[in-house]
K.L.:
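To start, I am sharing the structure in question, which I have written as structure tokens.
Remember, it's 1-based here, ligands and their atoms both numbered in the order they're listed.
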Amino acid sequence: MNFKYPKILTLANLPTPIVKLRDSANSPSIYMKRDDLTGIALSGNKIRKLEFVAVDALKQGADTLITCGGIQSNHARATAVTATMLGLKSILVLRGEQPEIADGNLLMNNILGAEIRFITAEEYSNSVMDIMSDIAHNLESKGRKGYVIPEGASDALGAIGYMHAIKEIREQAELLDLEFDYIVNATGSGGTQAGLIMGKKLYDYSPAILGVNVCDDASYFENKIMNIIKSAEEKFGNRFKIKSRDIKIADGYVGMGYALNKPDEIEFIVDFARTHGIFLDPVYTGKAMIGLYDLIKKGKFNKRNKILFIHTGGIYGIFPKRELFVK
Ligand SMILES: *Cc1c(COP(=O)(O)O)cnc(C)c1O
């Protein structure tokens with residue numbers, strides 16, 4: 001299969017390193033793709049998607065990127081940074097009440113001068129896309145042009161960022177003489193996993209792709225990811241021939257809910273940092289790594305397996321949860 005990529009911007013530091021975690025006895029080896037190192041301000045997975053999305057925004061003559069997410073959305077922060085780097089403005093529609101003190105990603109958005117609209121959880125789930133397109137229309141009436149990016153940039157264009165990441169991983173694995181059996185990622189809006197699955201097909205790359213969902217459930221994401229893949233097929237004219245069994249979700253690690261943490265999750269993140277010198281985040285990568293460790297414990301993998309965990313970022317989400325960490 002051939003795929004003609006649209007032009008890409010180079011904002012992220014790529015390729016990100018692949019490192020091996022120190023072995024624990026009798027377990028498969030875990031390698032980590034450090035996508036938390038895509039940049040300091042840009043840290044995380046969203047910039048791989050935004051590199052493709054932002055080109056489209058520029059092509060359409062947009063002067064403002066409009067997107068949405070939770071108060072501590074890594075995607076909203078990465079969008080604000082991307083907009084700034086490209087000389088554009090950003091408007092962020094965030095779910096929840098304006099906190100008294102801006103922290104973490106929200107603080108960074110404020111420093112960048114992003115325009116922020118806070119909406120209720122109900123408004124968000126009922127009509128966030130409408131709210132964003134209203135904002136775009138409003139800009140238009142003032143002679144400006146907004147470009148609406150869906151949650152997590154998890155659409156056809158965004159997903160090809162992680163399709164492209166498979167090419168990068170395959171090349172690195174070849175240089176390092178590594179054959180991965182699994183690629184594991186945290187799944188929150190599905191675009192990362194959709195892209196990885198498309199990349200696996202496009203590049204005929206062998207590792208199984210396994211997403212650990214951090215919200216909703218397996219059937220929600222099987223559906224959502226399939227829809228992203230279908231819209232990529234329509235947009236780019238490729239047939240990825242992906243079946244529902246290609247979409248593997250390890251459900252059971254959402255815990256108390258999206259962006260909510262139990263004390264043992266925080267403890268895990270602390271232990272992990274003290275063992276490896278690597279910070280997982282409480283919303284995505286912490287839960288995904290807890291899932292991976294649990295699946296290892298339950299014997300899902302054999303001890304010769306090589307697993308590549310994608311560290312999708314999220315470090316700034318630690319700071320607003322400082323109270324949980326100091327306990
Ligand atoms: C958004 C995000 C994810 C999930 O990626 P999706 O493409 O939305 O599924 C994982 N980790 C971090 C740190 C994120 O910010």
K.L.:
Sort out the contact shell of ligand 1: every protein residue with a heavy-atom distance below 4.0 Å, listed by chain and number.
P.N.:
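Within 4.0 Å of ligand 1, protein side: N45, K46, K49, N74, S154, A186, T187, G188, S189, G190, G191, T192, Y284, T312, G313, G314.
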K.L.:
Only one of V19, D36, T16 clears side-chain contact (heavy atoms from CB on, under 4.5 Å) with H311; which?
P.N.:
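That would be D36; it is the only one of V19, D36, T16 passing the side-chain contact (heavy atoms from CB on, under 4.5 Å) with H311.
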K.L.:
According to ring-ring contact (aromatic ring centres under 6.0 Å, His included), does anything in residues 210-247 pair up with another residue at least two apart or in another chain? List the pairs.
P.N.:
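Checked against ring-ring contact (aromatic ring centres under 6.0 Å, His included) - neighbours excluded - the pairs reaching residues 210-247 are F3-F236.
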K.L.:
Look at atom CD of E174 and say whether more than 12 heavy atoms of other residues, nucleotides or ligands are closer to it than 6.0 Å.
P.N.:
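12 or below, so no.
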K.L.:
Can you list everything that forms a side-chain hydrogen bond (donor to acceptor under 3.5 Å, both in side chains) with T187? Sequence neighbours excluded, please.
P.N.:
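Checked T187 against side-chain hydrogen bond (donor to acceptor under 3.5 Å, both in side chains); matches are N185, Q193.
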K.L.:
So, Y31 versus F309, ring centres under 6.0 angstrom or not?
P.N.:
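Between F309 and Y31, which both carry aromatic rings, the centre distance is not below 6.0 Å.
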K.L.:
Applying ring-ring contact (aromatic ring centres under 6.0 Å, His included), which residue pairs with at least one partner in residues 96-146 are found, sequence neighbours left out?
P.N.:
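Pairs touching residues 96-146 that pass the test: none.
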